[in-house]
**Student:** 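One structure is given below, represented as structure tokens, and several questions about it will come after.
Below, chain A is the first sequence line, B the second, and so on; all start at residue 1.
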Number of protein chains: 2
Amino acid sequence: MLATMRKERADAARNRAKVLTAAAELFAAKDPRTVTMDDIAKAAGVGRGTLYRRYPDIASIAVALLDEHERRLQRDLLEGPPPLGPGAPPVDRLAAFYAAMVDLLETHGDLALATEVGGRRFEVGAYRFWRAHVLSLARAAGIASPDPLADILLAPLAPDVFAHQRGQGLSPDQVKTALTRLASVLTD
Amino acid sequence: MLATMRKERADAARNRAKVLTAAAELFAAKDPRTVTMDDIAKAAGVGRGTLYRRYPDIASIAVALLDEHERRLQRDLLEGPPPLGPGAPPVDRLAAFYAAMVDLLETHGDLALATEVGGRRFEVGAYRFWRAHVLSLARAAGIASPDPLADILLAPLAPDVFAHQRGQGLSPDQVKTALTRLASVLTD
DNA sequence: GCAGTAAGTGGTCATCGTGTCCACTTATCT
DNA sequence: AGATAAGTGGACACGATGACCACTTACTGC
């Protein structure tokens with residue numbers, strides 16, 4: 001019952017790669033929220049059916065592209081060196097997390113925006129991970145009821161918020177500084 | 001040049017009212033983000049063209065409905081009694097603003113969600129007002145560069161964030177408490 | 001009152017994106 | 001080589017958008 005699983009067909013793997021690179025280029029080229037399934041299919045040179053076989057919607061494609069970058073950060077948060085990883089005070093760890101997320105948004109903000117279509121932001125796995133992390137930091141800081149605070153502390157990292165700030169002429173460093181101040185709510 | 005302006009026709013005013021009440025009911029009845037122009041036109045008993053004459057999109061209708069409620073809060077912020085209005089310390093004013101916004105979201109969250117379609121959240125007039133208010137509070141608190149902080153402090157009030165928190169079982173009071181803690185970043 | 005006029009009305013139309021479906025092709029296993 | 005299931009891609013139906021325009025109606029100045 002475990003030997004019956006065929007490995008992925010070679011042409012399927014090739015198409016998967018073509019789809020992902022084509023999608024990445026499209027997301028980077030124009031407003032990610034206006035990219036359509038048809039655009040990606042055409043750019044990748046595959047049919048729409050092929051696209052829908054693996055990805056139910058645009059957001060899934062963007063999530064697949066973001067995945068590897070997010071995984072690295074997630075690993076660093078769990079077992080990397082302080083202040084990102086364990087060992088530093090909660091306030092510093094939160095500030096470090098904020099800074100890392102700003103870097104992530106700065107380099108892959110287009111993908112992050114694309115994952116937002118349909119308003120599924122809170123349902124993707126990554127959000128739950130970030131939330132669990134912030135929640136544990138808040139607990140470690142001795143916050144009484146940290147649950148409502150977790151979503152509040154994550155809200156400023158919403159892709160559209162960051163994009164808006166960048167569009168207003170704010171630099172990533174300015175945002176990082178402001179977020180570091182925000183992290184101080186874990187003091188007391 | 002001022003006598004040449006005709007007043008609004010009686011039937012137009014009647015239709016405007018029919019549209020607004022019908023839209024309010026629809027937004028309250030189902031997920032506001034799934035309400036369509038056709039739905040509203042049908043429910044109001046008018047044609048689609050009539051709808052588009054005054055409102056370019058769904059968000060405009062929701063904005064029109066939210067407007068009066070938001071205006072009252074805006075007036076209180078500018079000239080109401082403390083701690084909402086002038087007179088109290090910035091931290092307390094921010095906390096009071098947060099509490100008032102939670103109440104607004106609790107009673108009219110459906111409209112707030114409807115104004116978000118198309119991702120125009122930062123372009124509507126209300127956002128600029130809230131931002132200017134928070135900005136002035138941050139300045140009054142002696143924050144060095146308050147501009148990046150303003151958007152960050154407003155992010156937790158995004159309609160979808162609040163809706164998500166409510167959906168997770170959090171009560172308005174819990175959210176208010178957490179936001180009050182957040183307001184303490186204006187201390188120092 | 002009574003035209004004249006412009007605002008208002010409502011249905012139709014073209015367009016676009018979505019997601020499903022299915023007949024056909026092709027890689028992989030035996 | 002033949003069987004089999006995975007994979008492919010184009011066609012299709014559907015739903016929503018927003019523009020368009022011929023018709024109607026309420027206000028205007030005479």
Side-chain angles (χ1 to χ4, degrees), chain A residues 1-23 26-27 29-64 113-120 123, chain B residues 1-23 26-27 29-64 113-120 123:
Chain A
M1 124 222 240
L2 16 72
T4 45
M5 189 171 155
R6 293 192 180 204
K7 65 178 173 183
E8 184 184 44
R9 270 169 52 166
D11 57 341
R14 214 178 314 128
N15 272 352
R16 177 207 295 279
K18 281 199 296 183
V19 164
L20 288 180
T21 59
L26 284 177
F27 286 144
K30 41 187 285 195
D31 182 351
R33 285 166 293 199
T34 70
V35 174
T36 172
M37 282 298 226
D38 236 48
D39 293 339
I40 298 178
K42 287 239 173 48
V46 303
R48 294 171 48 71
T50 306
L51 221 54
Y52 277 103
R53 160 165 293 267
R54 232 181 299 268
Y55 307 104
D57 50 38
I58 295 264
S60 309
I61 302 181
V63 166
L113 278 175
T115 63
E116 277 200 316
V117 296
R120 309 202 164 284
E123 294 164 29
Chain B
M1 126 219 232
L2 18 68
T4 45
M5 187 171 155
R6 294 190 178 206
K7 65 177 173 185
E8 184 183 44
R9 274 168 50 166
D11 56 344
R14 213 177 315 126
N15 274 351
R16 177 206 295 279
K18 279 198 298 181
V19 164
L20 288 180
T21 59
L26 284 178
F27 287 144
K30 42 186 283 194
D31 182 352
R33 285 166 294 199
T34 70
V35 174
T36 173
M37 283 295 227
D38 236 48
D39 293 339
I40 298 177
K42 288 238 172 47
V46 303
R48 293 169 47 70
T50 306
L51 221 53
Y52 277 103
R53 161 164 293 267
R54 231 181 299 269
Y55 307 104
D57 49 39
I58 295 263
S60 309
I61 302 180
V63 166
L113 278 175
T115 62
E116 276 200 317
V117 296
R120 308 204 163 283
E123 295 164 28

**Student:** Is B:I40 close to B:I58 at the side-chain level, that is, under 4.5 Å between some pair of heavy atoms?
**Tutor:**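 Of all side-chain heavy-atom pairs linking B:I40 with B:I58, at least one is under 4.5 Å.
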**Student:** For A:V35 and for B:R16, locate the closest nucleotide of DNA chain C by heavy-atom distance; then report the residue assigned to the nucleotide nearer the 5' terminus.
**Tutor:**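 Counting from the 5' end, the first nearest nucleotide belongs to B:R16.
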**Student:** Taking only heavy atoms on the protein side, list every residue of residues 52-59 of chain A lying under 4.0 Å from any atom of DNA chain D, sorted numerically.
**Tutor:**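 Nucleic-acid contacts, sorted: A:R53, A:R54.
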**Student:** With rounding to the nearest 0.5 Å, note down the distance linking OG1 in A:T36 to CZ in A:R48.
**Tutor:**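 So the gap between those two atoms works out to 6.5 Å.
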**Student:** So for atom CZ, which belongs to B:R120, do other residues, nucleotides or ligands contribute more than 12 heavy atoms lying within a distance under 6.0 Å?
**Tutor:**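 At most 12 heavy atoms, drawn from other residues, nucleotides or ligands, come within 6.0 Å of this atom.
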**Student:** Which value, rounded to the nearest 0.5 Å, describes the distance between A:E116 atom CD and A:L113 atom CG?
**Tutor:**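 Rounded to the nearest 0.5 Å, the CD-CG separation comes to 6.0 Å.
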**Student:** Please pick, from C:dT9, C:dT12, C:dT18, the nucleotide with the shortest atom-to-atom distance to any side-chain atom of A:R48.
**Tutor:**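 Ranking C:dT9, C:dT12, C:dT18 by closest atom to the A:R48 side chain puts C:dT18 first.
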**Student:** Whole-Å distance between C:dG19 P and A:I61 CD1?
**Tutor:**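 To the nearest whole Å, that distance equals 11 Å.
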**Student:** How far does CZ of A:R16 sit from OG1 of A:T21, to the nearest 0.5 angstrom?
**Tutor:**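 Going from the CZ atom of A:R16 to the OG1 atom of A:T21 covers 12.5 Å.
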**Student:** Provide, to the nearest angstrom, the distance between the CZ atom belonging to A:R14 and the P atom belonging to D:dA6.
**Tutor:**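 Roughly 19 Å, once rounded to whole Å.
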**Student:** If the condition is salt bridge (charged side-chain N to carboxylate O under 4.0 Å, His left out), which residues does B:D39 pass it with, not counting sequence neighbours?
**Tutor:**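 Expected list: B:K30.
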**Student:** Do any side-chain nitrogens or oxygens of A:T50 fall under 4.0 Å of OP1 or OP2 in D:dG7?
**Tutor:**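 It does not, given that no N or O in the side chain of A:T50 lies less than 4.0 Å from OP1 or OP2 of D:dG7.
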**Student:** Any non-hydrogen side-chain atom of B:V19 less than 4.5 Å from a side-chain atom of B:Y55?
**Tutor:**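 Side chain of B:V19 against side chain of B:Y55, heavy atoms only: contact under 4.5 Å found.
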**Student:** Calculate the interatomic distance between B:K18 atom NZ and C:dG8 atom C1'; express it in whole Å.
**Tutor:**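 Answer to the nearest Å: 13 Å.
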**Student:** Which residues in residues 36-43 of chain A have at least one heavy atom lying under 4.0 Å from any atom of DNA chain D?
**Tutor:**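 Close to the strand, none.
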**Student:** B:N15 side chain N/O closer than 4.0 Å to the phosphate oxygens (OP1, OP2) of C:dG8?
**Tutor:**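 No, B:N15 has no side-chain N/O under 4.0 Å of OP1/OP2 on C:dG8.
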**Student:** To the nearest 0.5 Å, how far apart are CG in A:L51 and CD1 in A:I61?
**Tutor:**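 A:L51 atom CG to A:I61 atom CD1 measures 4.5 Å (nearest 0.5 Å).
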